Each structure stands twice: as C-alpha cells, then as structure tokens.
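Worksheet for the structure shown next.
Computed over heavy atoms, backbone and side chain alike; hydrogens, waters and symmetry mates excluded. Numbers restart at 1 for each chain; the letters A, B, ... are given by sequence-line order, proteins then strands. This one's a predicted model, so the numbers in the text were calculated from it and none came from an experiment.
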Protein chains: 4
Amino acid sequence: MVYRRTTATEERREARRRLLLDAAIKLFSQHGFHATTVPMIVTEAQSSTGSFYLHFQNKEDVLNVALKELGQAIAKVMSGLMRTQPDALKRVSLGVETLFTFLAQNPEQARILIVESSGLSARIEQTRRAILMQQEDQVRETHESAPSLFAIENTTIAARCIVGAAFEVLYCWLEEDPKTRIPAAEVAKAVAQFNVQAVKRIPAKPR
Amino acid sequence: MVYRRTTATEERREARRRLLLDAAIKLFSQHGFHATTVPMIVTEAQSSTGSFYLHFQNKEDVLNVALKELGQAIAKVMSGLMRTQPDALKRVSLGVETLFTFLAQNPEQARILIVESSGLSARIEQTRRAILMQQEDQVRETHESAPSLFAIENTTIAARCIVGAAFEVLYCWLEEDPKTRIPAAEVAKAVAQFNVQAVKRIPAKPR
Amino acid sequence: MVYRRTTATEERREARRRLLLDAAIKLFSQHGFHATTVPMIVTEAQSSTGSFYLHFQNKEDVLNVALKELGQAIAKVMSGLMRTQPDALKRVSLGVETLFTFLAQNPEQARILIVESSGLSARIEQTRRAILMQQEDQVRETHESAPSLFAIENTTIAARCIVGAAFEVLYCWLEEDPKTRIPAAEVAKAVAQFNVQAVKRIPAKPR
Amino acid sequence: MVYRRTTATEERREARRRLLLDAAIKLFSQHGFHATTVPMIVTEAQSSTGSFYLHFQNKEDVLNVALKELGQAIAKVMSGLMRTQPDALKRVSLGVETLFTFLAQNPEQARILIVESSGLSARIEQTRRAILMQQEDQVRETHESAPSLFAIENTTIAARCIVGAAFEVLYCWLEEDPKTRIPAAEVAKAVAQFNVQAVKRIPAKPR
DNA sequence: CATGAATGAGAATTCATTCAT
DNA sequence: AATGAATGAATTCTCATTCAT
C-alpha cells in the first residue's frame, strides 16, 4: 500500500527521533550545547550514535530542529490567543503575558532559546533571531494596526524593547529557586503592564 | 626612588598582557569564544602560546578578565554621569542613554557581553550577570530614591525590563549595517524614552 | 545459542585492545614510559588515537593494565609450580628459579616491571609493589609453613632480601648482551642457591 | 690577587649552587623527577630560572650531580669503615650495615637513587648503575680477597644479590611509617646477617 | 652574576562523524 | 534501520630552556 505514508515503521522512526530530540533538549538545557556530547545524548535516549546521524545531520542540527519546533509552538500559542482580542493595547498585554507564561512552562526550551543558543554558528543565530523577530513583528503589527492608541514613534525599537524586557525578566526568573520565586503568572502580568504603559498614548489632559 | 612601583619590566609585562587581551577581545567578538583558538589569539597579538598562559590561566580566563574590565568601565561611565543629575526620572533616562551609547562605542566588548559570553561556564555566567545586575541595581536604587515619581510596584522586575530592553535593542543595532543604521545616539534616546514612560507615574487628571 | 558470550564484535574489540597493549609494552620497554607517546603506540599497533582512548583511560592506564596482567601471569606460573613441591626449602629454591626464568623469558615485561614503572604515579607504584609483595608473601608463607627448616628471625626482611636479590640479578642480566651472557637457567640456579643458603638452618654439629 | 681561587664571590656562588641542589634533591625525592619543574626548584631555593641554568646544564644535570655526590658520599663512608676490618666475612657484614644505615640517614637521596632515578635517560641510568656497581665491586673484592671463607661460585651474582637485597629492604623501610617502623640499625643487622649466611662457607662437620 | 619574561615544540586528550557489521 | 567501534583532526596546555635587561 503505497498510499499510507504513516506506516508502523515510520511511527517507530518518529518515536526514536522524538526520544533523541527530547534527550538533546534536556541535556542542552542542563549542560549547554558544547558540554553536551553526542554520546551523552544517545545514552540519555537509549539509542546509538549511528541512529543519531540517521535522524539528524549533525549535533548542531538537533539544536536547530529544537529551536524551530519551539518557534512554531510559540507561534501557535500566540496566534490562537491574539486573534480573539480586538483591543490593540490589550493585545500587547496579552501577548507578553502569553509568551512569558508559555516559556515559563517550558523552561528547558526557554533556557536553550535564551542562553544556550547564543554565540554558536550563523545558522543557529538565524533560527534564534527568527523567533525573537517573529515576536517583534507581532508587536509591530499590533502597533501599526491602531496607531492612535500608541505613543511610539519608532515601532521597531519599541517592539525590540518589549521582547528584550520580557526575555530578560524570564531569564532571571528561570535562574531563581523554583521553590521561592514569584509565580510565573504574576511576573508575566508585571512585565505586560510595564510594556503597555511604555507604549500607550496618554490622553491629553482635558480642559 | 621608592615612588616608582612600576619598573620597566613590569611595564613591558603589562603591555604584553594588554596586547593579548585586546587580541582576544577582537577575535572573540569576531568569531565567538569557541571558534577562537589560543594560537589565533597569540598570532594576532604577535606573541606566543607560552606567554598567553603566563598572563592568563586559560582561554576562559581572558574572557572573564575582558568582561570584568568592561564591567568596571561601564560602572565608571555610569557613576560619573549619574551623580550630577538630581531628577530621578531624568537619571533613568540618562542612565539608559549613557549605557547604550557607551556600549555602542565599544562594539567588540558589547558583542562579547551580549552574545559571546552566553552559555559558557558558570564562572563566566556569573561575571556576565554581575554586569547586568550592576545596571539593574542602579535602576532599582534610582526608583527607590524617589518612589513618588514612579508607577512601578515591583522595582526588580522594572529594572530587569529596562536592562533587557536596552540590550536587545543594542544587540539588533550591532547586527545592522553600520552604514545604513540609525545613529546610536538617536536609538539610545528612543530606548530611554520607552523605559521612562514605562515607569513614570502619570499624574491624575485634575478636575 | 545462549552459550556464545563473545560475539564477533567483542572479539574484534578485544583483538584491537590486545594489539594496543602489546605495542605499548614493546615501546615502554624499549624507550621507557615517558619517551613513549600515544601516537607512537597507535602507529606501532596500526590503530588510532581515538581507539587508544576507547580502550584505555590514558597512557598511564595501559602501563597499569600491562603490569596487572604481568602480576597475574607471574602468580599463575608460581602457584602452579609451587603446589607440587612438599619440601619448603626446595620450594623457595624452585620459586626463585621459576620467577627468574619466567621473567627472563618475558624480558619486555620484566624491564617494565623493574625499570620503567619506577618513579611514576602513586597508582602505578601500587600496582608495581603489589607484584613484588605477592612474591614476598609467598616466600614468607613458605618460611612459616616449616619454621624449623629456617634460620631466619624476621621473615619479612628475609622475603624482601630474596625478592630484591632476584630482581637485581635479573636487571643486570637483562642489560647484558644476549649473545654473551650466561644462560638464564644457570643464573636462576645461582640466585636460588644464594637465597636458600641465606635462610636455611644449618644443623648443629653433632658431637 | 689572581692566586686566591676561593674568593668571597666564589663562595657565594657555591652557596647558591648548594641551595639549588638541595632544593632539587628535596623536590625530586618528594614528587619525582618528572613532576618536579625547574620553577618549583628555583622557588624552593629562592633563586631564579636564570641562575639555575647558570649552575647546571639542564634539569637532568642536577639529578646527575646529586647522584654523583651521593655516590662519592657512599664511597667515602664505606672505604673509611672497611679498611679497618681484617676479617673478610665481617667486612661484608659491616659493609651492608654501613650502606644501609647511611642511606637510611639520608632518606631523600636514598629515594632518588632507588626510585626516582629509574627509567630516565641513559646518562642517568649510568650514574645510577655506577653506584650500585661500586657496591657490587666492593663485595666482589672482599670475596676474592679470602676465597676460602666463601661458599660462592659466581661472585658477581652473589655481589648483585647482596646489593639487591639491601636496596629492596631499604626501599620498603623508607616507605614505612617512620613512627612505627623498626629502627634502621636493627633492619641493617638483619640484612647483613642474611647476606653473610648466604655467602659464608659452612665448615665440613669434623669427624 | 642574577633575573624572570618569553618562547614554542610537543604531549595528552576529546569528540563529531563515518561505516562495516 | 540500528549499532557502536574506529577514526584523526583539532585544541588546550605545559615546561625546559633562552636571552634581553
């Protein structure tokens, strides 16, 4: 049956790939990209070096795949939630909150995005930047969809500020002791509030 | 002459160290930490491997020293300029502008701080964070020096937002084509404005 | 077939390991431990650096493994021959002769044991001493199995004397020109005789 | 005054050389030849690298000088004591005792001779062997001076046995805890006794 | 004579990737 | 497809020795 694409074999193949990818994400997050060796990944995934190279081009490729997957996951989460909100200002606020919360719930991926994928190859840098830019684009679009609500001149800079602010706070939050740190939702709200006030137009004082 | 502590030998030693450090900064900034090898550094500095290890414990140590030096330079620039400004809000604005401008004028060090020192050892991470925290502390102190001017509840988060915003914009600016990008001073102003509006208390509309 | 524990892969692995070990023994014996480099070993074994570190922890580890193997070989040779001899004095004599002859037949290992493994790390020293002590213990046991035959007070010292004597003569013999030196068997006999006379009780002259 | 060879300057020079030599002996004995670096020696001697090479050809040279000095010291001690003893058997006994005791009193040099100078260059090996041979020669001469007293056929082998026995016991003694080990004099006596009995002719039982 | 900074050859070791089984 | 042994290029770092001051 040539028609069925997803045979049992392919499913097993996909499962193995998943295992390797998850192992890599876990280890990259824990030890960083360079300190994680391919043998470490295949041991963690209970697989073998040969298999690894059957599923990924090379070590960097896994990181790249992981980042792309994360980018898609973020995009999905964001687009879903943002379409429903008609108020542009609230959309900014909701966007920041959602992004923050989502990444806080996926701390390993977040760490990889923020810390571990920095300073590697140009290809990784590009994938990494694509995720940030995707966020910045979204913010920019929102701004431009209702300019009258915003007090911003350079929307590009504003968008970058918003994303930068969110990621820096997220990074610090990830480093904090999970037992004692402020709940993610609360921090997300504060960051959203900061950013919204930064960009919203303050109505002129009435007579 | 008891006064001369720095003999000719010591001066030469220090000069050699400087040469190595500058070469390392240049190369780290260009190729990244991992892609820069010790032979590359010593060739650039017209020195030798042996000398390198005479002046630095290992490759990571140079990066650490470079970061620490940058931290001190930033602290110096910031403290000088900020003491003179009595208005807390303006101090925030000036601080952001100064930080941004200073780093934009030292793009190699800025790149190392923002991009290349990420995801390395714990020791480097600590030095790197110390610089960011130093900035965050300064922002926080300013907030707390005149709370009535600010609309912020959690000053820690606000401080992190400000620093994150500045660094993200700076990072993007560094990546842009030097020939066509907006002048640093202008970008610095925009970032400062964003951050100030984010934190300042908007006076209640008088009846 | 549950019985076959050693798969073809494992056999090849073991063969490669053997090749490396033998090459190392040969070179250590020829040039000494420090003068032998890992590249030299892998070239001799027609293998590669990577393989070397796949089979051994580091350069010192090969030496350690070689010494341990030698220790076992000696133990095997000694135990086999000594169990059959009921007369304690003859057992001492036979032991010395056997040890000497065995090492004379394995001159590379003997050189490593006597000369090249001296003055290295504590770990090597321990392995080396374990072999000597194993011999000393054997001598001591023999003494203590039939005390009336021996004129020795301190059996520990006597045992050390015997081992020291044997190894010193062996060392000199190894250094001599193989073409002109006295046959090992003859030297072994002389050493055995020396040691036996040193320890045996001389019956009191009858009236 | 050209005639005076030992000027104050030369004395100081000699003193410096002595300092370096003693430092080297101490460190070689403690850490072994390879683990001792020239910087370690000059630091210990409160001197400088340059000075080191002013007094010695290279690192190996210090070891060689130390060994030669030790060889002379041993020769002096032995010759002095042995000339006075007319009985050849007692001379053997006294020789072994004296050698053992002398080295036990100079444990650092003893360690270097027995352990640390093994497995190095041919030149060192030669110096090292010269010391052992010097002892063996002495034993042999004694044997040959009064053959009727000895039951030995091959005096060379006997001499080597004696030296080997003494050094092995000495090595073990040096390794033992100084607080709990048997006094050197006692061990020396036991070794001497072992060796004497090994070589002396036992008079035929008279009718 | 003394100093110690500079040199650079040389060694150990790692690890991404390949490929025979 | 899966395995894991084998490869060897590449990198870090050490340390004996030299030599300008």
Side-chain angles (χ1 to χ4, degrees), chain A residues 9-10 12-13 16-17 34-43 46-62, chain B residues 7-17 20 34-42 46-61, chain C residues 7-17 20 34-43 46-61, chain D residues 9-10 12-13 16 34-43 46-62:
Chain A
T9 303
E10 256 183 67
R12 253 185 290 125
R13 183 184 156 82
R16 168 65 53 97
R17 186 185 149 97
H34 274 107
T36 301
T37 68
V38 174
M40 278 164 82
I41 297 172
V42 302
T43 301
Q46 307 211 63
S47 182
S48 64
T49 336
S51 270
F52 182 91
Y53 284 91
L54 234 44
H55 291 287
F56 302 97
Q57 287 166 39
N58 49 43
K59 200 176 87 165
E60 203 189 275
D61 188 39
V62 214
Chain B
T7 67
T9 303
E10 268 180 61
E11 266 169 32
R12 254 181 294 123
R13 187 185 156 82
E14 186 47 38
R16 170 62 53 98
R17 187 186 149 96
L20 285 163
H34 274 108
T36 301
T37 67
V38 173
M40 279 164 80
I41 297 171
V42 303
Q46 306 211 64
S47 180
S48 64
T49 342
S51 266
F52 182 90
Y53 285 95
L54 216 57
H55 291 286
F56 304 98
Q57 287 167 37
N58 49 45
K59 204 177 80 169
E60 199 189 279
D61 189 39
Chain C
T7 67
T9 303
E10 267 179 61
E11 268 169 33
R12 252 182 295 122
R13 187 184 157 82
E14 186 47 38
R16 170 62 53 97
R17 187 186 149 95
L20 284 163
H34 274 106
T36 301
T37 68
V38 173
M40 280 164 78
I41 297 171
V42 303
T43 302
Q46 307 212 65
S47 181
S48 65
T49 345
S51 266
F52 182 90
Y53 285 93
L54 217 57
H55 291 286
F56 303 98
Q57 288 168 36
N58 49 44
K59 204 177 80 169
E60 199 189 280
D61 189 38
Chain D
T9 304
E10 254 182 71
R12 254 186 290 124
R13 182 184 157 81
R16 168 64 53 95
H34 274 107
T36 301
T37 67
V38 174
M40 278 166 79
I41 297 171
V42 302
T43 302
Q46 306 212 62
S47 181
S48 65
T49 335
S51 270
F52 181 91
Y53 284 90
L54 236 44
H55 290 287
F56 302 97
Q57 289 167 37
N58 49 43
K59 200 176 86 166
E60 202 188 276
D61 189 38
V62 214

Q. When you look at L20(B) and R17(B), which way does the side-chain contact (heavy atoms from CB on, under 4.5 Å) test go after all the steps?
A. CA-CA 5 Å; L20(B) 285 163; R17(B) 187 186 149 96; 5.8 Å; no
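- Pair assignment for dT12(F) gives dA11(E), based on Watson-Crick or G-U wobble hydrogen-bonding distances that are each under 3.5 Å.
- A 3.5 Å limit on both hydrogen-bonding distances identifies dA2(F) as the Watson-Crick or G-U partner of dT21(E).
- Heavy atoms of T37(B) sit under 4.0 angstrom from primed sugar atoms or phosphate atoms, though from no base atom.
- Taking atom CG of residue N58(A) and atom P of nucleotide dA9(F), one finds them 20 Å apart after rounding to whole Å.
- Nearest to the side chain of R16(B), among dA6(F), dA2(E), dA6(E), sits dA6(E).
- Nucleotide dT11(F) holds its C1' atom 15 Å from the CD atom of E60(B), rounded to whole Å.
- If you find the closest nucleotide of DNA chain F to H34(B) and to L54(A), the one lying nearer the 5' end belongs to L54(A).
- Residue-level contact check: H55(D) touches the backbone only, with heavy atoms under 4.0 Å from sugar-phosphate atoms and none from bases.
- Atom CD in Q46(A) sits roughly 12 Å away from atom P in dG4(F) (whole-Å rounding).
- Atom P of nucleotide dT14(E) and atom NZ of K59(C) are separated by 15 Å, given to the nearest angstrom.
- Remark: R16(C) CZ to F52(C) CZ distance equals 13.0 Å, nearest 0.5 Å.
- The side chain of T49(D) sits closest to dT17(F) out of dT7(E), dT17(F), dG8(F).
- The separation between R12(B) atom CZ and dA5(E) atom P is 10 Å, rounded to whole Å.
- Between E14(C) atom CD and dG4(F) atom C1' the separation is 16 Å, expressed in whole Å.
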